[in-house]
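All of these numbers come straight from a predicted model, not from anything done at the bench. In what follows, chains are A, B, ... by sequence order, proteins preceding strands, each numbered from 1.
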There are 2 protein chains.
Amino acid sequence: MTIFHRMPGHLIRRLNQIAVSIFQDRMQGLGLDLTPVQFAALDALSDNPGIDQATLAGMIAHDRVTIGGVVDRLQTKGLVTRSVNEKDRRSRRLVLTEAGEAMLARIVPVVSDLQDEILCGLSDDERAAFIALASKAAEAGNDRSRAPLKIRA
Amino acid sequence: MTIFHRMPGHLIRRLNQIAVSIFQDRMQGLGLDLTPVQFAALDALSDNPGIDQATLAGMIAHDRVTIGGVVDRLQTKGLVTRSVNEKDRRSRRLVLTEAGEAMLARIVPVVSDLQDEILCGLSDDERAAFIALASKAAEAGNDRSRAPLKIRA
DNA sequence: TCGTTAAAGGTAGTATGCTTACAATACGTG
DNA sequence: CACGTATTGTAAGCATACTACCTTTAACGA
């Protein structure tokens, strides 16, 4: 065990690797093919129907290019519709299909449930402490990210 | 702010995004083109010269395929040599070049220093608490990852 | 109205980080 | 020794997650 393994950068990467793997296992268990970003996009679109890709990107802290690809795949799967916004022909209006809403309703409880599994090594108190610290750090570092979270006013 | 933004999975992804961005900024500040994985590989190889790609992958918790590509790029940059291990012709002996050792020596203090910046929103006590909790969670979830950490005996 | 600026989405290119599959090589037991 | 098995590296393919750049379109000031 070198000091490398105690560095925040490494630990955070490891936790992310574990979280993504657990997410994938759960989806596979349901026979679904959905990634964490795709879930985030569906969730944000359900709460904010009709937004464009750049706004969506800001809501879930991704860059526009990545979200373009994610929306492509959600559209191919029939979960999202993408149409030119006639009020601003640069942007695309994104709306969940019925299948998209149904998919989201089905997986929301699963995704909520799996969150505890990511931190299964921690007690309830420790998990709460971790979430509080992680929230604080993520908020403080928001502007250091390439794709900051942009919460609408 | 939806509940989504308080989910460990999202927070961890955000922290990783922030950490990678800070790493990239620091490297760019030094005029270098080195990624976090590439640093991890150089660090592990400096301590364990002559290991093969699979062993390296286990030491830094990545899969073999990813490390194959990383080593490719380190070799192209002249930081690592890769040669067939005559004792086991399946594997490749990886050794840092002088340039690789020099590069590592140059960036180790920078990388160590930047760790605090990742968690700049936390006080010293909070940062220590975060690291302890993250270490515990990462260790507990190690086997859930697709590429678990394999510490040599 | 014209010209500058800015914003949205796209393409191309790079690097992670995986999956599956396969060739070459080593290793085990019968 | 032969055969089945395991391991190393790699190829092909997919999905993030970016950068840099370009086109289209909108907004705004003079």
For the atom pair [atom1] ([X]) and [atom2] ([Y]), what is the distance rounded to the nearest 0.5 Å?
{"X": "B/D47", "Y": "B/L42", "atom1": "CG", "atom2": "CG", "answer": "11.5 Å"}
{"X": "B/R73", "Y": "B/L34", "atom1": "CZ", "atom2": "CG", "answer": "11.5 Å"}
{"X": "B/L15", "Y": "A/L11", "atom1": "CG", "atom2": "CG", "answer": "11.5 Å"}

Legend entry - side chain to side chain donor-acceptor pair (under 3.5 Å) partners of residues 20-29 of chain A, not counting sequence neighbours, each pair once: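 The answer is A/S21-B/R146, A/D25-B/R144, A/D25-B/R146, A/R26-A/D113, A/R26-A/E117.
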Legend entry - Nearest-angstrom distance from the residue atom NZ of B/K87 to P of C/dA26: 13 Å
Inset, instruction - Check the distance between C/dA15's P and A/D63's CG and give it to me in whole angstrom. - result: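 Distance, rounded to whole Å: 17 Å.
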Legend entry - B/E86, CD: over 12 other non-hydrogen atoms inside 6.0 angstrom: yes
Inset, instruction - Please figure out whether B/A147 or B/E86 has its closest DNA chain C nucleotide nearer the 5' end. - result: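 It is B/A147, whose closest nucleotide lies nearer the 5' terminus.
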Legend entry - Set of residues satisfying ring pair (Phe, Tyr, Trp, His ring centres under 6.0 Å) with respect to A/F39, sequence neighbours excluded: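 Checked A/F39 against ring pair (Phe, Tyr, Trp, His ring centres under 6.0 Å); zero matches.
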Legend entry - Sequence-distant partners of A/P49, side chain to side chain contact (heavy atoms under 4.5 Å, CB included), two or more places apart: none
Inset, instruction - Not counting sequence neighbours, which residues clear side chain to side chain contact (heavy atoms under 4.5 Å, CB included) with B/A54? List them please. - result: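 Counting only residues at least two positions away or on another chain, B/A54 forms a side chain to side chain contact (heavy atoms under 4.5 Å, CB included) with B/D52, B/R64.
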Legend entry - DNA chain C contacts among residues 30-45 of chain B, heavy-atom distance under 4.0 Å: B/T35, B/V37, B/Q38
Inset, instruction - Show your reasoning for whether salt bridge (Lys or Arg N to Asp or Glu O under 4.0 Å) applies to B/E139 and B/K136. - result: CA-CA 5 Å; B/E139 197 169 340; B/K136 193 172 176 181; over 6 Å; no
Legend entry - Partners meeting side chain to side chain donor-acceptor pair (under 3.5 Å) with B/R82 (sequence neighbours left out):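 Counting only residues at least two positions away or on another chain, B/R82 forms a side chain to side chain donor-acceptor pair (under 3.5 Å) with B/Q53, B/D72, B/Q75.
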In a table with atom names and distances, give each donor-acceptor pair under 3.5 Å that connects a side chain of residues 118-125 of chain B to protein atoms at least two apart or in another chain.
unit_1: B/S123; atom_1: OG; unit_2: B/E126; atom_2: N; d: 3.2
unit_1: B/S123; atom_1: OG; unit_2: B/E126; atom_2: OE1; d: 3.4
unit_1: B/D124; atom_1: OD1; unit_2: B/R127; atom_2: NH2; d: 2.5

Inset, instruction - Give, ordered by number, those residues of residues 11-29 of chain A having at least one heavy-atom distance below 4.0 Å to an atom of DNA chain D; if nothing qualifies, reply none. - result: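 Here the set is empty: none.
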Legend entry - Boundaries of the chain A footprint along DNA chain D (any atom under 4.0 Å from a heavy atom): D/dA15 to D/dA26
Legend entry - Sequence-distant partners of B/R90, salt bridge (charged side-chain N to carboxylate O under 4.0 Å, His left out), two or more places apart: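 B/R90: salt bridge (charged side-chain N to carboxylate O under 4.0 Å, His left out) contacts with B/D88.
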What nitrogen or oxygen pairs link the protein and nucleotides 5-11 of chain C at under 3.5 Å?
unit_1: C/dA7; atom_1: N3; unit_2: A/R90; atom_2: NH1; d: 3.1
unit_1: C/dG9; atom_1: OP1; unit_2: A/Q53; atom_2: N; d: 3.1
unit_1: C/dG9; atom_1: OP1; unit_2: A/R92; atom_2: N; d: 3.0
unit_1: C/dG9; atom_1: OP2; unit_2: A/Q53; atom_2: N; d: 3.3
unit_1: C/dG9; atom_1: OP2; unit_2: A/A54; atom_2: N; d: 2.7
unit_1: C/dG9; atom_1: N7; unit_2: A/R64; atom_2: NE; d: 3.3
unit_1: C/dG9; atom_1: N7; unit_2: A/R64; atom_2: NH2; d: 2.6
unit_1: C/dG9; atom_1: O6; unit_2: A/R64; atom_2: NH2; d: 3.2
unit_1: C/dG10; atom_1: OP2; unit_2: A/Q53; atom_2: NE2; d: 3.2
unit_1: C/dG10; atom_1: OP2; unit_2: A/R82; atom_2: NH1; d: 3.4

Inset, instruction - Could you list all the ring-ring contact (aromatic ring centres under 6.0 Å, His included) pairs where at least one residue sits in residues 90-131 of chain B, not counting sequence neighbours? - result: A/F130-B/F130
